Each structure stands twice: as C-alpha cells, then as structure tokens.
Amino acid sequence: MHHAAALTGDPKDAEHHFRLATVNPVGDQWPLARAQARLHYAQWLRRRRRSLEARPLLATALESFTRLGASALAEEARAELRASGVATAPAQADPLAELTAQQRQIVRLAARGLRNREIAEQLMLSPRTVSSHLYNVYPKLGVSSRNQLRDLFDDL
C-alpha cells in the first residue's frame, strides 16, 4: 500500500511512503514487489539528484530481480545503476539460447551421460542425427567433449 501511495499520492509524502514500502517486514513475503518498490524509490531519488542514496537500493533490487529471474526488471535496475555512476557487468547470456529446442534436449541428455543411441531412442531420432546435432552444437557452446558439456551444466 505504501508503494502505491508513493507512486500515486501527494508528491510531498512520496519519500515517507517509499521508505515504509522498502523497510516494512511484511514485504519480505513478496520479494518481487519489495524489489520493485526499491527500484522505484531509487529512481525517485536519482531524479532528485540523490544518486548516492539510490545506489544501495538499486544494487539490492538488481540482486533480487536476478535471483527471481525477472530479467527485464534486472536490466532496468542495471541501467539505473549505470546512470547513477556505478559500473555494472552485463547480464550473462545463456549459452543454450542460440540452440534449437531439439539441440537443447540432446545437449542436456548428453550432459547427463547418455550415449547417442540412448538419446536417439528417447527422442525417437536416429543415432546419426544425434551425432550430427552434437557435432554442430559443440562449437556454439565452446566445448569439444561430453565431459566439458557436463562441466558447462554444472556451472549453469
């Protein structure tokens, strides 16, 4: 309620409501809403030339958005951090993003240790098709063996 009041209520009471929205312990039940309140408060502060006060809020919001998988909001928080004078690392790209759905399935099964024949039976493909997909996928992922595939998935 305080977050909404800060955004829509009397502008002179906005900071009071933003502070309450970001510290109310009940808000811990809704981490996404809490992170959004922090982002909006930080944006409000930054637009009033109070960037130093905005930075910790933005960093916390970015961490929350990243943890929750809210990539668009994380990117917005990252941009606000950059605008406030903090250098941020770009979001790490998903190495599987450029693969087709079938290639992703094959790679996941191969990383689990299945052989081409087992993968082919499970996906109703020929072992040769599986081999071809793996041959094409390895350079895209920057790996050259199944062991490296397993390590890649451990890192993800």
Side-chain angles (χ1 to χ4, degrees), residues 1-4 6-8 18 21-47 51 53-156:
M1 295 301 287
H2 288 291
H3 184 197
L7 294 173
T8 61
F18 273 128
T22 59
V23 299
N24 185 348
V26 177
D28 290 337
Q29 297 173 8
W30 301 283
L32 182 62
R34 170 64 58 87
Q36 287 175 310
R38 286 183 174 131
L39 174 63
H40 291 146
Y41 183 26
Q43 289 171 328
W44 184 88
L45 287 168
R46 211 177 63 68
R47 278 147 187 77
S51 293
E53 294 173 63
R55 289 176 184 171
L57 292 166
L58 288 168
T60 304
L62 175 59
E63 187 274 324
S64 296
F65 292 141
T66 303
R67 184 174 31 85
L68 295 169
S71 56
L73 289 169
E75 193 52 45
E76 185 178 351
R78 190 174 284 109
E80 287 287 333
L81 261 174
R82 276 192 306 271
S84 74
V86 176
T88 62
Q92 288 193 349
D94 179 13
L96 302 178
E98 66 182 70
L99 304 181
T100 66
Q102 190 171 55
Q103 287 174 332
R104 280 193 295 271
Q105 284 181 312
I106 291 170
V107 166
R108 282 191 179 101
L109 293 171
R112 278 199 246 153
L114 274 69
R115 293 177 301 196
N116 288 1
R117 183 165 302 285
E118 296 167 328
I119 296 169
E121 289 172 3
Q122 194 165 351
L123 299 178
M124 292 189 262
L125 300 170
S126 75
R128 196 167 181 174
T129 300
V130 171
S131 176
S132 175
H133 278 302
L134 287 173
Y135 178 81
N136 291 323
V137 164
Y138 282 179
K140 290 180 184 178
L141 297 177
V143 299
S144 59
S145 72
R146 287 178 189 256
N147 290 337
Q148 289 176 333
L149 269 183
R150 195 169 314 128
D151 294 342
L152 176 70
F153 274 87
D154 288 342
D155 292 343
L156 294 177

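For clarity, every value in this text was computed on a predicted model and none was experimentally measured. These numbers come from the heavy atoms of this one structure, side chains and all, not from hydrogens, waters or symmetry mates.
For the residue pair Gln36 and Phe65, the shortest heavy atom distance occurs at N-CZ, 3.7 Å. Of all non-hydrogen atoms in Ser126 and Ala120, the two that sit nearest each other are C-CB, 3.6 Å. Shortest non-hydrogen contact noted between Arg46 and Ser84 is CD-CB, 3.7 Å. Residues Ser64 and Ala35 share a closest heavy-atom pair of CB-CB, 3.7 Å. Across Arg78 and Thr66, no two heavy atoms sit closer than the pair NH2-OG1, 4.4 Å.
Note that CG of Leu149 is 7.0 Å distant from CG of Leu134, once rounded to the nearest 0.5 Å. For the atom pair OG1 (Thr129) and CD (Gln102), the distance works out to 7.5 Å, reported to the nearest 0.5 Å. From Leu57, atom CG reaches atom NE2 of His40 across 12.5 Å, with rounding to the nearest 0.5 Å. Atom NE2 of His133 and atom CD1 of Ile106 lie 4.5 Å apart (nearest 0.5 Å). The CD1 atom of Ile119 lies 8.0 Å from the CD atom of Gln122; values are rounded to the nearest 0.5 Å. Atom CG of Asn116 is separated from atom OG of Ser132 by 10.5 Å, given to the nearest 0.5 angstrom.
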Could you go step by step and tell me if Glu121 and Arg117 meet the salt bridge (Lys or Arg N to Asp or Glu O under 4.0 Å) rule? CA-CA 6 Å; Glu121 289 172 3; Arg117 183 165 302 285; 5.3 Å; no

Could you go through Val130 and Leu123, starting from their C-alpha distance and side-chain angles, then the distance that decides it, and tell me whether this counts as side chain to side chain contact (heavy atoms under 4.5 Å, CB included)? CA-CA 9 Å; Val130 171; Leu123 299 178; 5.6 Å; no

Check against side-chain hydrogen bond (donor to acceptor under 3.5 Å, both in side chains), Gln43 and Glu76: CA-CA 10 Å; Gln43 289 171 328; Glu76 185 178 351; 2.9 Å; yes

Check step by step if side chain to side chain contact (heavy atoms under 4.5 Å, CB included) holds for Leu32 and Leu73. CA-CA 10 Å; Leu32 182 62; Leu73 289 169; 3.9 Å; yes

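Atom CZ of Arg115 is surrounded by 12 or fewer heavy atoms from other residues, nucleotides or ligands within 6.0 Å.
Between Phe18 and Tyr41, the ring planes lie parallel to each other; the angle is under 30°, not in the 30° to 60° tilted range.
In summary, of the residues considered (Arg38, Arg47, Arg55), a salt bridge (Lys or Arg N to Asp or Glu O under 4.0 Å) with Glu80 occurs for Arg47 alone.
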